Structures are given as C-alpha cells and as structure tokens.
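Notes follow the structure.
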Amino acid sequence: MKKNAIVLLSGGLDSATVLAIAARENYNIYTLSFDYGQRHRIELERAAALAARYAVARHVVATIDLRIFGGSALTADIPVPRNRDVASDEIPITYVPARNTIFLSYAVAFAEVSDACDIFIGVNALDYSGYPDCRPEFIAAFERVANLGTRAGVENADPIRIRVPLIDMTKKEIILAGTAAGVDYAMTTSCYDPAADGKSCGSCDACILRLRGFAEAGLRDPAPYAGA
C-alpha cells in the first residue's frame, strides 16, 4: 500500500526535482503551492502543470498575502537585485521573512488531514541565495516542532518527517538527478522577476544559479530568457 506524502511545489527547478523523487519513491502525492503575493506568480501555472503531469492525488493552492508585511523584493515594491554576487554571505532582499516557516506549517496541517507522515521540500544549503530557512538546522528544528505540536506527531506510530533530498546537493547535481528522473525543466520557472510573457530575466539570483547549474552539468537550460 502506497504511503501518502506532501510535496511543496513552487513550480521551480528544485521543487520539480523533489516531486520527481517522491514519485520515484512510489508515494501517493499531494502537492501544495502558495499564492502569497509574489511578483513571479507565473510559477503557480507551472506548479499546476507539473501536478497534472505527475497525476497527483490532490493539488492545493493556499492563498496568503505576505504583501501585508512586505520587507522583500518578491512581495513589496523593491527592485529585484541584478547580477549580484550569489556567493556573498549577505542575506539578500529577495528573502521573504519566515516564508518556509509559514509554508511548512501549512504543509503539516495538510499532512494531518491527508494521512501523510512525509513532507518534501526542495530547500538547498549549497547553491542557494543564503536564506536562513534553507539550512539543515532550521529543518531539523521545525521537524521537532511539527511532532510536538500536532495530533499526528503525538498519536501516530510514524513521526512527521521533513524530507529534504536536495539539501546538500549543488545545482549541477540537482539538475543531473532531475534529468535522470525524467524531469522536463522546460515546465519550470526560477526567475524572481520574469517578463510579462513569462520569459526569465537571466540576471536575478535565481536565474544566475540556474544558468550556472545547467552550464556545469553540460546541459542547455530549456527555459526561455528575455533577449535570448
């Protein structure tokens, strides 16, 4: 009998890879996306298409408006940095305050009503933009909270597990793993500030990391880029 799993699905490269990994592990998959007021809402279209392609049991889009807090170039009228040194230790303005804490809290609630013990999230602690909520320490701490503060964590024989299969992989390794698992990266978008037609900018942090990953993997990025 298949076990159920929640997959946090943004429509980006990493979450698509995680979805393929969960499918390969033969889970009955429930996907969760967020319309949180992000400027790159096109990712929701990509998430829906990926959920349909993998024939998930249920795809849910949770609407929460993080624009009420602002503080991020993704949710406020703040320019998205271009051509930034992504190796910098500085936490960039594209960090959305407490985003993964909020997203994982929703995922835990979804898991409780879906009889799922495993929650997959595509966080990465190597080739990423320096977000504090992508670190292994945060994931481990949240997993403890999830098991302390839920009926599922207290009563079920199987604890809630936050699955982070990409946590210690480079972007190159993620792309190679996803390609081997059959991910169609043309269906994904990573850009923080895409054009109106959905084309990626090529110069935000997410685009820089994505393009570098494909180059290091010796593959062509199938995503369309403005000016290309």
Side-chain angles (χ1 to χ4, degrees), residues 1-12 14-38 43-44 47-48 50-51 54-66 68-69 71-72 75 91 95-126 128-169 174 177-178 181:
M1 184 176 175
K2 285 186 177 182
K3 290 186 175 181
N4 297 340
I6 308 298
V7 175
L8 287 168
L9 184 63
S10 69
D14 294 338
S15 71
T17 305
V18 167
L19 176 59
I21 290 170
R24 188 175 58 193
E25 294 186 16
N26 205 33
Y27 280 95
N28 190 38
I29 298 170
Y30 296 73
T31 48
L32 176 60
S33 301
F34 292 89
D35 183 353
Y36 61 95
Q38 67 270 45
E43 67 178 4
L44 294 173
L50 286 162
Y54 283 85
V56 303
R58 184 184 178 193
H59 177 60
V60 172
V61 179
T63 301
I64 49 176
D65 194 353
L66 296 184
I68 62 174
F69 303 125
S72 169
T75 56
I91 297 173
Y95 163 70
V96 179
R99 180 174 60 179
N100 282 345
T101 304
I102 295 167
F103 287 3
L104 283 169
S105 296
Y106 272 70
V108 169
F110 194 18
E112 283 211 276
V113 300
S114 304
D115 193 26
C117 293
D118 292 281
I119 297 170
F120 286 79
I121 182 171
V123 295
N124 174 262
L126 293 183
Y128 75 124
S129 296
Y131 299 156
D133 54 2
C134 289
R135 296 175 300 163
E137 301 94 321
F138 166 75
I139 296 299
F142 189 91
E143 185 176 84
R144 290 196 297 272
V145 168
N147 282 290
L148 285 169
T150 59
R151 182 172 65 185
V154 172
E155 293 183 351
N156 289 359
D158 294 326
I160 294 170
R161 296 192 301 167
I162 310 298
R163 300 284 306 280
V164 285
L166 313 183
I167 194 74
D168 58 357
M169 297 171 68
I174 292 168

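For reference, positions follow the sequence shown, starting with 1. Source: prediction; values computed, not measured.
Separating the CG atom in N4 from the CD1 atom in I119 is a distance of 12.0 Å, to the nearest 0.5 Å. Taking CG from D118 and OH from Y27, the interatomic distance works out to 3.5 Å, rounded to the nearest 0.5 Å. Distance check, rounded to the nearest 0.5 Å: CD1 of I121 to CD1 of I6 gives 12.5 Å. The NZ atom of K3 sits 13.0 Å away from the CG atom of N28 when rounded to the nearest 0.5 Å. The line from CG of N124 to CD1 of I174 is 4.0 Å long, rounded to the nearest 0.5 Å. Taken from CG in L50 to CG in L9, the straight-line distance is 5.5 Å, to the nearest 0.5 Å.
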Self-check item: Test log, rule side-chain contact (heavy atoms from CB on, under 4.5 Å), inputs V96 and Y36
Solution: CA-CA 10 Å; V96 179; Y36 61 95; 4.3 Å; yes

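Here the shortest heavy-atom pairing between N100 and C134 reads ND2-SG, 3.9 Å. The minimum heavy-atom distance between K2 and N26, with the atom names listed, is CE-OD1, 3.1 Å. Taking each heavy atom of T31 and A51 in turn, the nearest pair found is OG1-CB, 3.7 Å. Taking all atoms of both residues into account, the shortest heavy-atom contact from L32 to A62 is CD1-CB, 4.3 Å. A146 approaches T150 most closely through the heavy-atom pair O-OG1, 2.6 Å.
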Atom pairs and distances, side-chain donor-acceptor, residues 107-115, under 3.5 Å, sequence neighbours left out:
unit_1, atom_1, unit_2, atom_2, d
E112, OE2, R151, N, 3.2
E112, OE2, A152, N, 2.8
S114, OG, F110, O, 2.7

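Residues passing the side-chain contact (heavy atoms from CB on, under 4.5 Å) test with D65 are R67, I68, sequence neighbours excluded. Listed by chain and number, the residues in a ring-ring contact (aromatic ring centres under 6.0 Å, His included) with F34 are F103, Y106 (sequence neighbours excluded). Legend: residues meeting side-chain contact (heavy atoms from CB on, under 4.5 Å) with F69, ordered by chain and number and at least two apart, are L66.
Between the side chain of S72 and the main chain of Y95, a donor-acceptor pair closer than 3.5 Å is present. Using modelled atom types, no side-chain atom of D35 and backbone atom of T63 make a donor-acceptor pair closer than 3.5 Å. Under the 3.5 Å distance criterion, the side-chain polar atoms of S15 are matched with a main-chain donor or acceptor of S10. With D133 contributing its side chain and A98 its backbone, the two residues share no donor-acceptor pair below 3.5 Å.
For residues 98-109, the set of pairs meeting the salt bridge (Lys or Arg N to Asp or Glu O under 4.0 Å) definition, not counting sequence neighbours, is empty. Legend: salt bridge (Lys or Arg N to Asp or Glu O under 4.0 Å) pairs involving residues 15-29, not counting sequence neighbours, sorted by first then second residue: E25-R163.
Counting only heavy atoms from C-beta outward, the side chains of L104 and L8 approach each other to under 4.5 Å. P132 has its side chain within reach of I91: a pair of non-hydrogen atoms, C-beta onward, lies under 4.5 Å apart. Counting heavy atoms from C-beta on, the side chains of P165 and F120 come closer than 4.5 Å. For the pair H59 and S33, the minimum side-chain heavy-atom distance is below 4.5 Å. Contact check for Y30 versus V60: no side-chain heavy atoms found under the 4.5 Å cut-off.
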